[in-house]
Amino acid sequence: MASLSSIIAIGYLGWSKVRGAIEDKISNQLTSVRASKAYQIESYFKNMRHHVETLCEDRMVVAAMVEFNRAYRELDQQYIAPEWNAAIEDYYKKEFFSRLAKVIPGAPDIETYRPYTQPARYLQYQYIAKNTNPVGKKDELLDAQDGSEYSKFHSKYHPIFRNLIKKFGYYNFLLINFKTGEVAYTVYKETDFGSNLEKGPYKESNLAEVVAAVQKSPNRGAIQIVDFKPYRPSYMAPAAFIAGPIYNGPHIVGILAIQLPVDEINNVLTGNKNWKQNGLGNTGETYMIGSDMLMRSVSRFLIEDPKRYQAALKSIGTPENNIQLIERLGTSILLQKVNTKSAQAAIAGTEGTTIIKDYRGRTVLSSYGPLKLEGLDWGIIAEMDLSEAYQPVYALQRDLFIATVILVLLIAYLANVAAHSFVKPIEVMIAGARKVGQEDTSFEEVLNSRNEFGDLGQLVKEMAHGVHNQTNLLEQKNRENEALLLSILPSKVVERLKKGEDRIADRIEQVTVMSATIFGLTKLGANREVGEVADLLNQLIDLLSQAAANHDVEMFKTIGERYIAVCGLSKPRLDHSKRSVDFALEAMDVLHNFNNRLGIKLSLSAGINSGAVMAGIIGTKKLNYDLWGETLALANELNAHAEPNTIRVTQELRDRLQDLYSFEKDKNIKFEEKGNLTTWVLRKGGLQDLIDNLSVGLDMDDWGIEDSTDEAIKDLR
């Protein structure tokens with residue numbers, strides 16, 4: 001049993017240490033991955049802002065905006081043939097609505113989406129409806145060959161802008177009229193091309209939102225960004241936009257907007273789908289969430305195993321229509337709810353690591369934190385399934401169990417052999433003792449026998465007596481030494497000495513020091529014997545010490561007529577200042593009662609100050625626990641200037657306690673460290689006046705009080 005207990009204890013300790021080390025390692029690893037991805041995302045958005053700002057100032061972009069605005073306005077005079085309107089309507093119904101209906105409830109209405117301005121219908125006919133390139137490749141048309149000024153400018157700038165968004169990975173590039181909010185140009189010809197963002201079908205979109213933000217704050221370099229929302233021209237795919245004003249000299253001529261590249265953001269967070277190389281194993285992932293607790297990046301599990309991911313969502317009660325949208329759009333952005341503790345903490349602006357149930361209902365180790373993105377309230381989370389994170393722990397647990405079983409069996413066999421060898425001589429001795437007992441002899445006869453049993457018994461008896469005596473002597477010496485140490489050192493300091501600390505020196509930030517002087521001892525000594533004076537002083541110090549203990553104040557030192565007490569030194573106290581003042585008041589009462597009882601005249605003055613002190617053991621051969629520092633020095637200085645029967649305090653202490661006690665301003669004192677200091681004298685008032693009046697005018701017998709007046713006042717206080 002002893003071996004088994006030892007093995008289990010050591011195994012458990014080892015398992016616990018390894019588990020803690022592995023948890024720390026995985027937590028640190030996840031935190032490192034999260035911090036790295038957060039830095040990449042923040043840098044990416046920062047660079048994107050700078051790029052958009054640079055593009056807004058590019059002379060080619062400015063020229064393109066001016067020319068597209070002019071050409072767009074000229075289209076107001078263009079004739080729109082009826083067959084053009086029919087072609088546009090046919091495109092919407094056959095191409096656009098057939099795809100859009102798969103991801104929105106109900107059937108789309110042509111009247112809701114139909115372009116209603118001349119330029120919008122003209123451009124959508126020439127570049128979308130008439131464009132023979134399939135959906136998704138409408139951008140391949142450079143010139144509509146309609147002879148218009150617009151097509152001339154389009155063929156001039158479109159290859160450049162198309163190449164630009166491909167190089168930088170942007171989803172779309174849009175030029176918008178600042179005054180009217182009309183989309184004058186886009187690279188990818190979706191149904192927002194030519195539309196009016198103030199009155200058209202997409203006035204509620206986040207593209208219209210970012211354009212309105214630029215219109216509201218059109219300062220140079222003021223780049224605006226809006227969060228992801230489902231975008232109808234992109235068939236409800238999540239879209240976010242960043243935009244800035246375009247200036248032509250002093251005049252603002254347009255707005256440049258870029259549709260954020262979802263794939264680029266996902267590539268950053270997934271490490272181009274290299275999760276294992278990024279240290280995330282088989283189940284780890286990094287993703288972003290917004291303040292609505294919805295994902296802002298794609299789940300790893302949707303990318304790797306969509307069917308298993310959907311099954312996990314079904315198992316936790318995710319609505320079926322939500323799962324279908326995720327399947328149709330191929331993304332979890334704005335569709336996957338992540339209302340976990342980690343997500344809430346990340347959005348709240350805190351970071352850390354914890355074990356939680358993730359959005360799939362799996363137990364994971366999660367590292368979370370906020371993202372510093374101007375205009376976006378996002379958080380970032382890195383997680384790994386706990387089963388994978390603790391896989392080394394489980395392997396160790398299995399190995400420890402197998403090793404324990406083998407060791408227990410082996411030790412049980414060896415213990416049985418060893419026990420037989422050890423017990424055999426004892427059995428011989430027991431048999432001998434029983435044989436003596438059958439002869440009705442006492443144990444003393446066995447001890448006096450001249451065989452091995454007698455020698456062994458006598459030796460055991462002598463050793464037991466010797467050990468008992470030595471133990472008693474050692475315990476007595478230890479008690480004496482400890483009592484001696486406790487008489488000169490605080491109990492906590494004694495405990496630290498017993499633990500082997502070589503140097504004991506501390507700085508205590510918040511204590512209150514009372515430095516007091518007992519007046520009249522010299523005069524008392526002139527008329528009495530030294531022994532008698534010593535007895536009186538012992539009685540007084542004992543009374544003061546008892547009063548100090550009542551308020552949890554420590555008597556630190558007495559030097560002749562000096563008495564120093566500290567509150568908050570060994571045991572921290574929030575109310576150390578109040579306790580010290582209460583003790584000083586009670587000390588006055590103790591001295592008053594002492595004088596009345598013995599017919600002597602002693603008085604007390606005190607200086608009280610709060611602050612930091614230094615305390616420690618001084619000396620190596622002769623121990624002395626001493627106190628020093630500015631707080632003590634100022635308390636001594638206050639006491640030195642205090643009149644008998646007064647308590648003098650600093651301005652700081654008076655401000656702290658003025659609601660509890662009454663103070664009178666006293667003269668200033670000059671202190672070397674701080675110059676002239678304002679001091680205050682604690683005066684009797686409020687409750688103290690009531691007690692004094694009671695002590696003079698109250699007949700205790702009339703109230704049925706049997707205690708003495710002093711004891712009654714003490715009880716009343």
Side-chain angles (χ1 to χ4, degrees), residues 40-41 44-56 61 64 95-96 99-100 103 127-128 131 133-141 157-176 183-195 197 202 205-211 213-214 223-244 255-270 272-273 288 290 294-298 302-303 325 328-335 373 375-376 378:
Q40 292 179 53
I41 288 293
Y44 181 79
F45 275 82
K46 184 177 180 181
N47 292 336
M48 185 176 292
R49 280 181 170 273
H50 292 163
H51 190 218
V52 171
E53 184 178 352
T54 302
L55 288 175
C56 288
V61 174
E95 297 288 346
F96 183 62
R99 290 176 171 84
L100 186 63
V103 291
Y127 287 91
I128 297 179
N131 189 342
N133 294 308
V135 175
K137 294 185 178 181
K138 298 290 185 182
D139 60 303
E140 294 181 0
L141 178 63
Y157 293 110
H158 183 69
I160 300 172
F161 294 150
R162 185 166 173 253
N163 187 49
L164 183 146
I165 67 170
K166 286 184 177 180
K167 282 186 175 180
F168 288 95
Y170 300 148
Y171 181 82
N172 205 354
F173 178 99
L174 305 94
L175 295 177
I176 301 161
V183 181
Y185 168 81
T186 70
V187 171
Y188 287 109
K189 299 304 185 283
E190 295 181 333
T191 55
D192 54 2
F193 179 42
S195 65
L197 297 176
Y202 307 116
S205 68
N206 54 345
L207 175 59
E209 183 181 340
V210 76
V211 168
V214 175
I223 305 302
Q224 307 295 332
I225 190 169
V226 292
D227 202 345
F228 281 103
K229 281 186 179 180
Y231 193 54
R232 289 180 182 259
S234 299
Y235 305 104
M236 298 303 288
F241 293 91
I242 184 169
I255 297 171
L256 178 130
I258 292 213
Q259 189 169 343
L260 297 187
V262 175
D263 292 340
E264 290 295 323
I265 295 173
N266 286 329
N267 287 338
V268 171
L269 291 174
T270 64
N272 291 318
K273 301 180 182 178
M288 299 185 301
L294 295 175
M295 273 193 177
R296 294 300 189 272
S297 60
V298 177
L302 175 60
I303 296 172
L325 278 176
R328 290 170 183 170
L329 294 175
T331 182
S332 56
I333 299 176
L334 298 182
L335 297 172
L373 302 175
L376 298 173
W378 289 359

CD1 on I223 to SG on C56, rounded to 0.5 Å |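 It comes to 5.0 Å.
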What's the spacing between K273 NZ and N266 CG if we round to 0.5 Å?
->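 Reported to 0.5 Å precision, the distance equals 9.0 Å.
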Look at the side chain of [X] and the backbone N and O of [Y], then say whether any donor-acceptor pair between them is shorter than 3.5 Å.
X: T186; Y: F193; value: no
X: N163; Y: P159; value: no
X: N172; Y: Y188; value: yes
X: N131; Y: K138; value: yes
X: N133; Y: D139; value: no

Tell me the closest heavy-atom pair linking [X] and [Y], and the distance in Å.
X: V52; Y: G244; answer: CG1-N, 4.2 Å
X: P238; Y: L334; answer: CB-CD1, 4.0 Å
X: P261; Y: M48; answer: CD-CE, 3.8 Å
X: L376; Y: I225; answer: CD1-CD1, 3.7 Å
X: M288; Y: L269; answer: CG-CD1, 3.6 Å
X: I128; Y: E190; answer: CD1-O, 3.4 Å

Does the side chain of [Y] come within less than 4.5 Å of [X]'s, by heavy atoms?
X: L373; Y: Y44; result: no
X: I242; Y: F45; result: no
X: I333; Y: V262; result: yes
X: F228; Y: F241; result: no
X: V214; Y: I176; result: no
X: D227; Y: N206; result: no
X: I258; Y: Y171; result: no
X: Q259; Y: L207; result: no

Would you sort out whether L256 and V61 count as a side-chain contact (heavy atoms from CB on, under 4.5 Å), showing the intermediate values?
-> CA-CA 9 Å; L256 178 130; V61 174; 3.8 Å; yes
Going through the checks in order, is the side-chain contact (heavy atoms from CB on, under 4.5 Å) test met by L55 and F173?
-> CA-CA 11 Å; L55 288 175; F173 178 99; 4.2 Å; yes
With a 4.0 Å cut-off on N to O distance, would you call [X] and [Y] a salt bridge?
X: R49; Y: E53; result: no
X: R232; Y: D192; result: no
X: K229; Y: E209; result: yes

Any residue meeting side chain to side chain contact (heavy atoms under 4.5 Å, CB included) with A237, in chain and number order, not counting sequence neighbours |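 So A237 forms a side chain to side chain contact (heavy atoms under 4.5 Å, CB included) with S234.
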Give the ring-plane orientation class for Y202 versus Y231, where under 30° counts as parallel, over 60° as perpendicular and anything between as tilted.
->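 Rings of Y202 and Y231: tilted, 30 to 60°.
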Can the ring centres of [X] and [Y] be said to be less than 6.0 Å apart?
X: Y235; Y: F96; answer: yes
X: H51; Y: Y170; answer: yes
X: F161; Y: Y185; answer: yes

